[in-house]
Structures are given as C-alpha cells and as structure tokens.
There are 2 protein chains.
Amino acid sequence: MTTRPPTLEEVAQRAGVSTGTVSRVINNARHVSDKSRRAVEKAISELGYVPNTAARSLATQRRGAVVLAISSDDPALFANLFFAEVITGVNAVLEETDLQLMLVLAASERGRARFAKILQSRSADGVMLLALKENDPLSKMAEESGLPTVHGGRSLDRTPQWYVDADNRGGARAAVEHLIAAGRHNIATITGELDTHAGHGRFMGYREAMVLAGLSDQRVAHGDFSEASGAAGMKLLLDDHPDLDAVFVASDAMAIGALDVLRENGKRVPEDVAVVGFNDVVTARNTQPALTTVRQPIEAMGREMTRMLVRLLNGEQPTSLILPTDLVLRAST
Amino acid sequence: MTTRPPTLEEVAQRAGVSTGTVSRVINNARHVSDKSRRAVEKAISELGYVPNTAARSLATQRRGAVVLAISSDDPALFANLFFAEVITGVNAVLEETDLQLMLVLAASERGRARFAKILQSRSADGVMLLALKENDPLSKMAEESGLPTVHGGRSLDRTPQWYVDADNRGGARAAVEHLIAAGRHNIATITGELDTHAGHGRFMGYREAMVLAGLSDQRVAHGDFSEASGAAGMKLLLDDHPDLDAVFVASDAMAIGALDVLRENGKRVPEDVAVVGFNDVVTARNTQPALTTVRQPIEAMGREMTRMLVRLLNGEQPTSLILPTDLVLRAST
DNA sequence: TACAGTCCTGTAAGCGCTCACAGTTTCTCC
DNA sequence: GGAGAAACTGTGAGCGCTTACAGGACTGTA
C-alpha cells in the first residue's frame, strides 16, 4: 500500500505560504511573488505533489476530460484501421492539452446507458460522437445533455451544428473523373445505402462527374455497402449494361464482391472494366488486381474533431469541416 | 446553457429525508425503511438526479475509472484489428461495472508524461498496460504508483505479477505439429526478435515440436517480425537448406515476405513448401495462397485483463492467465 | 416495567481544491 | 512625503458527496 499522496495544504505549510498562494502557483495565476512561487515550486517537487483531480473538478465544475463515444456496431468501424486511426488523431491533439480521454463503445443498450450516465453525472466536459447510423439515439442524448458536442460524420436527417466529415461527394467525383480521364465513358456505379449521408454523397459525386462530362449517369445498381450486395450489383450491371467499361463502387467491400463477379464473367480488370472502390480498407491492396480506391482522412478527422471540441470548451466558435479525400491509384484502373 | 443538475441535497428535501438517507439509498446500503427508500427513489426520478462523480470520488477516494495505456508505437499494434479488438473486450467487461475507461496512447514522451499524471493525480483506480516493448518505462511507472496493474503480454526481463498473455509457445508448437501431421519433416522456421517474449516463445514452440517428433530443429533463420526480414530469412533458408518442405514463420508480415521469395524461386506453396504464419492479420486471407496462421485471442485478452483488474479492485487475488491460440487453416498448408 | 438489542434517521465533519473578498504591502507619481 | 493604484497574500466559504456518530423508535425478553 502506498501512503496517501500529499495535499495542497501540506505544500502550503512546507512552503510557508497559504493554500491560496499554492493554488495560484499551480494554476499559474497572476499576483504571486517570485519568492513565493519559488518556495512553492520547491515544496511541490520535494513532496512530489500532484493536484487531486477529483477535488479540483468539484471546485471548478470542470472535469478535465472529454468522452469519445463510438456508437455503431457497424463492422465498417472495425474493418479497417478506423478505430486506431481515429484514436491516434484524437490523442495527438489531446496530448497538447490537459484533457483526458474517456472512451465509450455505445453499441449495446447497456453501453448507451453508460454513456447517458457519463453525460448526466457530468464526468466529461465535452463529447465527440462517432455515430454512423441515421437517427442515432446518442446524438439526441448528447444534445439534451447540453455538453459541447462534435460529430464525426453527418446523417441525412439532421446536420449537427459542429461536425467533421470527409468529402464523400468530392471523393467520388474525383474517382469518376479519374476514370473519365483514362478514357472510360460507359461508367457505372454501385451505390451504398442512399439513406446515409456517405452513400448519398458518393452517388451524387458520381452523377456530378458524369453529367459535367456530358456522359450518361444511368448505369446504376444499388447496394448496401456489403460485399454480397456489391456482387449482386455487379451482376445486375453486367446484365443491364454489357457495354460498361468501368465501375465506381461506393465501398471497398462492395468492390471486392464486384471484382469476383467480373472475374467469373471473364472480364479482365482493368483492361475490360476498370474498378474504383471507396475507403481504402487494409485488404484493398491485396485484391486481384490491387484496388484503386478513395481514402478518407480518418486520423485527420479525429484530430480535427478534437481541435474543434477544444475550441468549443474554450468558448470559441469553430466552424464545421469537410476534409478532402485522397485517390489511391492501384492496378484496378 | 443547461441549468445546474440537481444535487443530493435537493433530492433529500423533496423526499423529506436527510442527505444521509438519500446517500444510503443511492449506494443501496442497509438500514433504510421501505417508505424512505420509495420516497427517495421517487424524488430521484422526478428530478432526474444523477450523482456527481467528482464529489463522490472526493469523498470515497475512489475514482470509478480505470486506464488502459497503450505504450508501443509498434506498427504491430496498429496493423491488424488489435486495437479495436482489445478495446471491444475491455469494454464488454467494463459494461458490467460502474467503471469508466480512460485511454492513453503513451508512445511519445508527452504521452508518457500524461500517463504519469493520471497515475499520480489518482484519476484512475487501476491500470491495464499494453506495453509490448521490453523494459517499457510505463511498466515501472505503474508499479511505482502502487495502483493495481494488469499487463497484457509479458517481457522477457520481468514477469509482472498480474498479466494475461497469449500462448505463443503453444501456438507455435501446434502450428508445427500441424505441419508434421501433414507429412512434412524438413521444417524450417523464421524467428521474430528473440529478445521479446513472443519471439522467444514462438521459437521455443517450434523447437519443442520438432524435438518431440524426433526431427531436426536446425533449419533456422532469424528475423525481426518485419516483412523485409521475412524475405531475407527465406532467402537464407533456401540457400542453406534447399531440402526444406515447410516453414513456420513467427509473424504474418514475415510470412508475406517469405511467400514472395518462394514464388520468385519457383517454389509452389503449399505443394513444394508449406507456410504457416502467426497473428492472423487481416491481409492473411488475401495472400496468394491464403495464409495458414496462428490467431491470438486478442479480444479475450482485453476481456480477461479487465476481469483481472476488476477482481484486484475488489480486493481479490486473481491469477495470471495464458490464453490458448487458434490455428487458422488456409491454403498455404 | 425495565433493559438490551435492532433498525432507522439526522447531523455534521470531512474529502482536497478554487476563488471571491478583504487586508497588507509595495509602487508610482506628484 | 503622501495619496492612490497595483501587487501580493491569507482567510474561509463553498463544490456535492460519504460516513462515523449519536440518538430515537421499536422489538423482544426477563
């Protein structure tokens, strides 16, 4: 058993000053003489004093912590290095502050209850929400708590006041424009779920690029981001539009399904049909052929969400952000 | 702005009892009449009261949170779904308790300082440490703090009192025995860094299996877990032991490098040379051919670490755990 | 009826810190 | 040298909760 850590009062005694002065030194407030400051600092280091966060929180009404809540149990969150990347980004910014990171996986009912408890017990000063589903209950909970909240991604039904999102539309458009520049004209698309912001945005990006180039945007199959739906979509496309020479697929998982179908049908990639995916999942570089895809700046999203939240906590008014994506060129185009 | 949340005192007033009684109800202590209890519960739900954690922490000297510190910036931690899996496991157990999860990435100097601060300011009741490097400073910091600490993995230099680890040796042995059972006899190995517990254990597992089967354990190349070192190791092995018919590789990354070299040298896998890796990284199922490998129970490690820590916090004396691995059979054997 | 046990309840003293307030000292500038 | 401002410091009242401790109200027993 370790002995009880030293308190501010003991520091004050040792330094021969009052507790108020010690507190001022700790929070480097003004109005402290060099002499007192030095005495206090000496006492602090001799005693190995570190302020007790609970006591400080109680007095200041500030928690010194933010919570990152991850809502969906969507496998998309776990495929990929999504998790690691977001957290790396969040951590990088938090390291520059005194804020601690609390993590809540709120996929289950229980997890949601825990999240609610954190909010209501005021265990955190702010919230970062990765809620990929539409109408996610966490979103409302955070709002009702009144805590500053930053969203990662948007839903179609409601644009949160503060969010960071990837440029789904722009990314899709760039991907399709890349296909066009490579001389493809009969470009099809397999969409994701259109009732998600990402799915909708990527589809819009496709249409935008095609229309602007004066090409037909009518070669469309609808999927749900899953590998199986990608395969099914590809089959439909081959039936309906045997002339297609490229396909923009709204997720890598679907693209993988599509590649299988193309192979089964004797289509060579990219010679006969070029394929572009979206997300740059880890396996994208190991497909046959390696998949050209759109990479989302996930770590940057984590970073920017955190920056935004920190600003909010400082009373500033940040502006929401849409981050650019990268087109990763590989052998499938 | 939301109004200040209700306090315990307001609950007491509304319920017509004293604060002591309310506190007893909240912590469901004994000696509360049904009448008071009901009155208090009614008041609580009417007011939407939730105890303030900071105040409670201050009074009880318990924080209601544990910290998960991830030390290494080792890419191995980020390849894979390591991150997501560990956290999923940790979260699953934590959901059954009232403990919150604080996450610290302590790869940088700054991160380490933050970790120290958490320990010293007593912001957490216990520590889970994923410190993959030998002699990791975090390990000592945690120990000095006196907080209950559970380690994920071991280092060679020092076995922590409480840890959860995967059975590296047993996993390796099972992999090699699988090769033997398939009729291979000239089995080589490419080791990982032997000064890590994992590298050492896997090598021991290889030797154990070979010796027990009466086979030579002398076909050895040493690597450092990286893809490049796997390729280099494979080259050496082919030169020194052209008769080899199988190779147990201590990491998937190295196995991928080895597969490349085998292909370049016209060796067919698995016909000429069977290959087994270790870790089951996401890409292992997409290699050519798909890689047979040893899967570590990462989520289970997270779960067991957390269980162990919870027991420790309850004053129980848990015992350290070595979790079994799984052999994932694919086309490379 | 008296007396010890049990239960229940209220009271109040902390937990370790911050911060307004008031008091004291030191400057600054005529 | 003195008035007023500025800088410094100590004091003490909280922040919202827990937890002895001290009763008071019952119960059962002699």
Side-chain angles (χ1 to χ4, degrees), chain A residues 2-41 43-44 47-65 98 117-118 120-125, chain B residues 2-41 43-44 47-65 98 117-118 120-125:
Chain A
T2 44
T3 168
R4 189 180 49 71
T7 68
L8 181 144
E9 182 154 6
E10 298 174 53
V11 173
Q13 274 181 13
R14 181 168 195 121
V17 299
S18 72
T19 61
T21 300
V22 175
S23 178
R24 275 174 213 117
V25 171
I26 293 172
N27 300 293
N28 55 78
R30 304 165 325 167
H31 303 317
V32 180
S33 66
D34 277 359
K35 185 160 157 273
S36 312
R37 168 163 278 121
R38 270 194 299 274
V40 170
E41 279 166 354
I44 286 180
L47 257 37
Y49 169 76
V50 176
N52 177 309
T53 41
R56 189 196 290 238
S57 293
L58 186 56
T60 58
Q61 308 283 45
R62 261 175 269 116
R63 255 12 37 151
D98 273 326
K117 206 160 184 181
I118 291 188
Q120 292 161 21
S121 64
R122 292 282 186 274
S123 320
D125 296 322
Chain B
T2 45
T3 167
R4 189 178 50 71
T7 69
L8 180 144
E9 182 154 6
E10 297 173 56
V11 173
Q13 275 181 12
R14 181 168 196 123
V17 299
S18 71
T19 60
T21 300
V22 176
S23 178
R24 275 172 212 119
V25 171
I26 294 172
N27 300 292
N28 54 77
R30 304 165 326 165
H31 304 314
V32 180
S33 65
D34 278 358
K35 186 162 156 270
S36 314
R37 167 163 279 122
R38 271 194 300 273
V40 170
E41 279 167 353
I44 285 179
L47 257 36
Y49 169 76
V50 176
N52 177 309
T53 41
R56 189 194 289 235
S57 292
L58 185 56
T60 59
Q61 307 284 44
R62 261 176 269 115
R63 261 1 48 144
D98 274 326
K117 206 162 185 180
I118 292 187
Q120 291 162 20
S121 64
R122 291 282 186 273
S123 320
D125 296 323

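Residue numbers start from 1 in every chain, and the chains themselves are labelled A, B, ... in the order their sequence lines are given, proteins ahead of strands. Basis for what follows: all heavy atoms, side chains included, without hydrogens, waters or symmetry-related copies.
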Using whole Å, report how far CD of B:Gln13 lies from P of C:dT9.
18 Å
Check whether any side-chain N or O of B:Ser36 sits under 4.0 Å from OP1 or OP2 of C:dC8, and answer yes or no.
no
Can you tell if the side chain of B:Val50 reaches within under 4.5 Å of the side chain of A:Arg122, non-hydrogen atoms only?
no
At less than 4.0 Å, is any side-chain N or O atom of A:Arg62 found next to OP1 or OP2 of C:dC19? Yes or no.
yes
Write down the distance between CD (B:Glu9) and P (C:dA12), rounded to a whole number of angstrom.
13 Å
When you measure from the side-chain N and O atoms of A:Ser23 to the phosphate of C:dT18, is any distance below 4.0 Å, counting only OP1 and OP2?
yes
Spacing between A:Ile26 atom CD1 and C:dC17 atom P, to the nearest angstrom:
7 Å
Without decimals, in angstroms, what is the distance between A:Leu58 CG and C:dT18 C1'?
10 Å
Is the shortest side-chain N/O distance from B:Thr60 to OP1 or OP2 of D:dC17 below 4.0 Å?
no
When rounded to the nearest 0.5 angstrom, what distance separates OG in A:Ser18 from CD in A:Glu9?
10.5 Å
Between the side-chain atoms of A:Arg24 and the base atoms of D:dG10, is any donor-acceptor pair under 3.5 Å?
yes
Taking C:dC17, C:dT9, D:dT9 as options, the one with an atom nearest any side-chain atom of B:His31 is C:dT9
For a 4.5 angstrom cut-off between non-hydrogen side-chain atoms, does B:Val40 reach B:Val11?
yes
Check whether any side-chain nitrogen or oxygen of A:Asn52 sits under 4.0 Å from OP1 or OP2 of C:dC15, and answer yes or no.
no
Determine whether A:Lys117 and B:Asp98 make a side-chain contact, defined as any pair of heavy atoms from C-beta on separated by less than 4.5 Å.
yes
Between B:Val17 and A:Leu8, which has a closest nucleotide on DNA chain C that is more 5'?
B:Val17
Measuring only between side-chain heavy atoms, which start at C-beta, is B:Ile26 closer than 4.5 Å to B:Arg56?
yes
Nearest to the A:Thr19 side chain among D:dT11, C:dG16, C:dC17, which nucleotide is it?
D:dT11
Side chain of A:Ser18: nearest nucleotide among D:dT18, C:dG16, D:dT11?
D:dT11
Expressed in angstrom and rounded to an integer, what is the separation of B:Arg63 atom CZ from D:dG16 atom P?
17 Å
More 5' along DNA chain C: A:Ala59 or B:Gly20, using each one's nearest nucleotide?
B:Gly20
A:Tyr49, nearest nucleotide to its side chain (from D:dG16, C:dC8, C:dC17)
C:dC17
Taking only N and O in the side chain of A:Thr21, is any of them less than 4.0 Å away from OP1 or OP2 of D:dC8?
no
When you measure from the side-chain N and O atoms of B:Gln61 to the phosphate of D:dT18, is any distance below 4.0 Å, counting only OP1 and OP2?
no
Grab the NZ-C1' distance between A:Lys35 and D:dT9 for me, whole Å please.
11 Å
Do A:Ser36 and A:Val25 touch side chain to side chain, with heavy atoms closer than 4.5 Å?
no
Starting at atom CZ of B:Arg56, determine the distance to atom C1' of D:dC15, rounded to an integer number of angstrom.
16 Å
What's the closest nucleotide to the A:Ala55 side chain, out of C:dT9, C:dG16, D:dT9?
C:dG16
Protein-nucleotide distance (A:Asn27, atom CG; C:dC17, atom P), rounded to Å
11 Å
Counting only side-chain N and O atoms of A:Thr7, is one of them less than 4.0 Å from OP1 or OP2 of C:dG16?
no
